[in-house]
Structures are given as C-alpha cells and as structure tokens.
S.K.: 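Quick one: the structure is below, and I'll ask about it shortly.
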Amino acid sequence: MLRDFIVSLDTERNLTEIVMAFSEGCVLIEKELNNYDRTNSVKLGHNISGDIQKPIDIRANHCIVSCLQEREGIFYLTSEEEDKTRLMYEGPLNPFPENIYSVAFDPLDGSDNVDCNGGVGTIFGIYKETNEHCQNGKNLVCSGYAIYSNPVIFVITFGEEVYEFKLNKDEIFTKTHKNLSIPDNPKRIFSGNAGNISKWIEKDRNFFNWVVSEREKYTFRYTGCMVFDIHRILCQGGIFIYPSDSKNKNGKLRMFYECMPMAFIVEAANGMAYDGKGRLLDNHVLTAHQKTPIYIGCKRDITIYKNFYQIDRKKFVIETYKGSGSEELSVDEGEIIRDYTVLNDDRWSRVTSMDGKTGIVPTKCLFLE
Ligand code: F6P
C-alpha cells in the first residue's frame, strides 16, 4: 500500500501526509471523471496561463485542495487553476519552521482531451520551503503524477527511484513490481506538436526534420497530454518537446507545476530535461505561472538535441562507406555525423556518430554538405 511503502522509506511525517493528500485527491478526480457529462461543453473562460478552463478543471482543483487543506506542513499552495498562490501556514515564522513544504500542481493536465475520452493526468511537485523569495528545482523533495487510465497509475519519486502504484478496486494504490526507468536501449519516439513547426526556431525545425528523415526511424506519439506522453517515454524511451515559438516566446508549459516536477521524475528515471539553454531543474521560479520551453526524455535524444546547432553548422556526411574492421565505425552512406577529427596522415578520420559512438573512417568518405 502507498502509505506503508512511503513510511518504509523513512519519509518525514508531513511529507508523507502531503503525498497521501495528493493520492487521495487523485482518487476523487478519478470519480469526477467517471461521472463527468462529456456532452457538457461549457467553458468558463481561460485560466491565468491562457488555457481554457472547464468545470472539470475546477472540480479537479477542488479535489486536490480539499485533501491538502486537511494536512499540516504546507506553506504555499500554487495551482494552475488559481491565479494567486495561497499562504496556507498560520503558525510562527521566527524561527522559520522545520519540515515545511510548498506545493505546486496541475490538477488536470490535458483537460482538452476530456470531451473525447482522451488521456488526462495530474502533476504535482513538493518543494522544501526555505522562505527565500523564490523557489527552485533544487528544493524539490518529491514529485509525482497520476494518469487516469485503466488502471489509474500514481507515480512518485523522492529523487532516486521512480515508484509506480496502481489503483485497485478497493480504491487503494498498490505498488507495481518494477520501478520506472528509461530503458538502456530506448525506443526512438518523438512526441511534440509538429503542427507548430512553422512557428519554431530554426534549430527545432532542423531537429524535427532530422527526426523524420527516413533513415532515423523515429516514430511519432502525441496525445496532447504531457503527462501521458512523458509516461510513455519513461516506459519506452524517446523525446518530448514543447519549444518556444513565435507566438509563445517561453513555450506553453508551466515551470513550477508541470515541467520541474516532470523533470525531477525523468532525471530520477535515468533521463534528462533541458530548457533550450541548460538543465531545466537549475532554474529559479520567479513567478508562479511562468512558462518554459522543454525538451525531456532519454539521455541519447536530449544529447542529440543539445548538440544540434553544431550538427547544423557542419553537416558532415559520410559519402560512401561500408564499415569493416575492428576500429572502423560502421556508418552508412549518407549518414550525418556529429563531429570528426582528421588523424595524422589525413587518410583516416575519427568521427562521432549522432548516437555518440566514435570510430574511424577514411577521410575521403567525409564531406561537408
Ligand atoms: O496544458 C498543458 C497541455 O495540455 C499539455 O498537457 C500538453 O502537452 C499541451 O498542453 C498540449 O498543447 P498543444 O495543444 O498546443 O499541443
């Protein structure tokens, strides 16, 4: 059971209770979704980040808030569906209390999918509160998500392992056998809204064109629900992107309660999260609803993406080469490589493939496109 498992990790009491509050809130949301009239297309307007707000968003928010309100140890509460951060703590501030946390969450990620029975989830981050003027990724002590599939899955990490639980018929989360970790030999999956490509910066367009080039053998998966798409990547590998574009200068997804919590989980599962300039978790959260570009997934794909300016500038291509011999890299004709160094007598070059493998090929096979 979820509580027994968290306690068995020697988790601090308030933190245990806050994680339990999120799990209970997710069970309530599951019930709301089951009873939701999907023909009811009422829209309440937009939330502060610009997403359409539906009655189910408000209900889901209420489910989580009502469970958190019963718990101690919460300082600030930030929800995607509430304009302002709430101060929850009413005790003394001097000295600043120990074991106190701030929570940030997206109660119903992907709620655009609700009307068509598509995937939706909940994302949350629990940050150690230090009473500095802003939060940052280093203060994350736990993050998690739920996906409302069959069964409902609840995933959490305290920064090392990523644990998965599923909801049984008695409404109890029980641990599944395996911890989540991106496979060592990850699948080539690309997940992003390519409908925006004309608005992307050149680097993103080039990366996308590389991904879809026939030889790279990536496959496309995109549900319109970040938590679903990233869950797939945790299970199988690949990359999810939501870049900045000419309309959304900082991307669309929110740093505090979407991207940082997911980055914390993906890093613990042997992956990486990048914001287009550096490690996503190295950021400071300056405003509750601030947005960030995000590139998240397996180390292979994020590394390829990060190096893409370099590739784009050089575009080294193997002209004709069928590798053989132990030191030679087996690359195919037309393969784009990341980098190369010409060796002593100019006849051979050491090249690095897009996957980061190095080897030697005849220099005459290289040309700059
Ligand atoms: O609000 C967040 C979200 O619904 C994510 O879950 C999802 O990845 C993204 O927005 C989808 O946005 P778009 O419709 O622009 O692809």
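Atoms within a ligand are numbered from 1 in the order they appear, just like the ligands themselves. Starting from 1, each residue takes its place in the sequence as its number.
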S.K.: Let me check something: any side-chain donor-acceptor pairs from residues 119-128 under 3.5 Å, sequence neighbours excluded? List them with distances.
M.R.:
residue, atom, partner, partner atom, Å
T122, OG1, P107, O, 2.6
T122, OG1, Y148, OH, 2.6
Y127, OH, F256, O, 2.7

S.K.: Run the side chain to side chain donor-acceptor pair (under 3.5 Å) test against N270 and tell me which residues pass, sequence neighbours left out.
M.R.: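 By the side chain to side chain donor-acceptor pair (under 3.5 Å) rule, N270 matches K299.
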S.K.: Give the ring-plane orientation class for F158 versus Y163, where under 30° counts as parallel, over 60° as perpendicular and anything between as tilted.
M.R.: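 Taking Y163 first and then F158, their aromatic rings sit tilted (interplane angle of 30° to 60°).
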S.K.: Mind telling me whether Y295 and Y305 have parallel, tilted or perpendicular rings, with 30° and 60° as the class edges?
M.R.: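 Ring orientation of Y305 relative to Y295: parallel.
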S.K.: Using the ring centroid of each side chain, check whether F228 and Y145 are separated by less than 6.0 Å.
M.R.: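 F228 vs Y145: aromatic centres not under 6.0 Å.
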S.K.: What residues form a side chain to side chain donor-acceptor pair (under 3.5 Å) with R13, not counting sequence neighbours?
M.R.: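 Expected list: none.
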S.K.: For ligand 1, what N or O to protein N or O distances fall under 3.5 Å?
M.R.:
residue, atom, partner, partner atom, Å
ligand 1, 1 (O), D51, OD2, 2.9
ligand 1, 1 (O), R254, NH2, 3.1
ligand 1, 6 (O), D109, OD1, 2.7
ligand 1, 6 (O), D109, OD2, 3.2
ligand 1, 6 (O), M226, N, 2.7
ligand 1, 8 (O), M226, N, 3.3
ligand 1, 10 (O), K252, NZ, 3.0
ligand 1, 12 (O), K252, NZ, 2.9
ligand 1, 15 (O), Y242, OH, 2.6
ligand 1, 16 (O), N193, ND2, 2.7
ligand 1, 16 (O), Y222, OH, 2.5

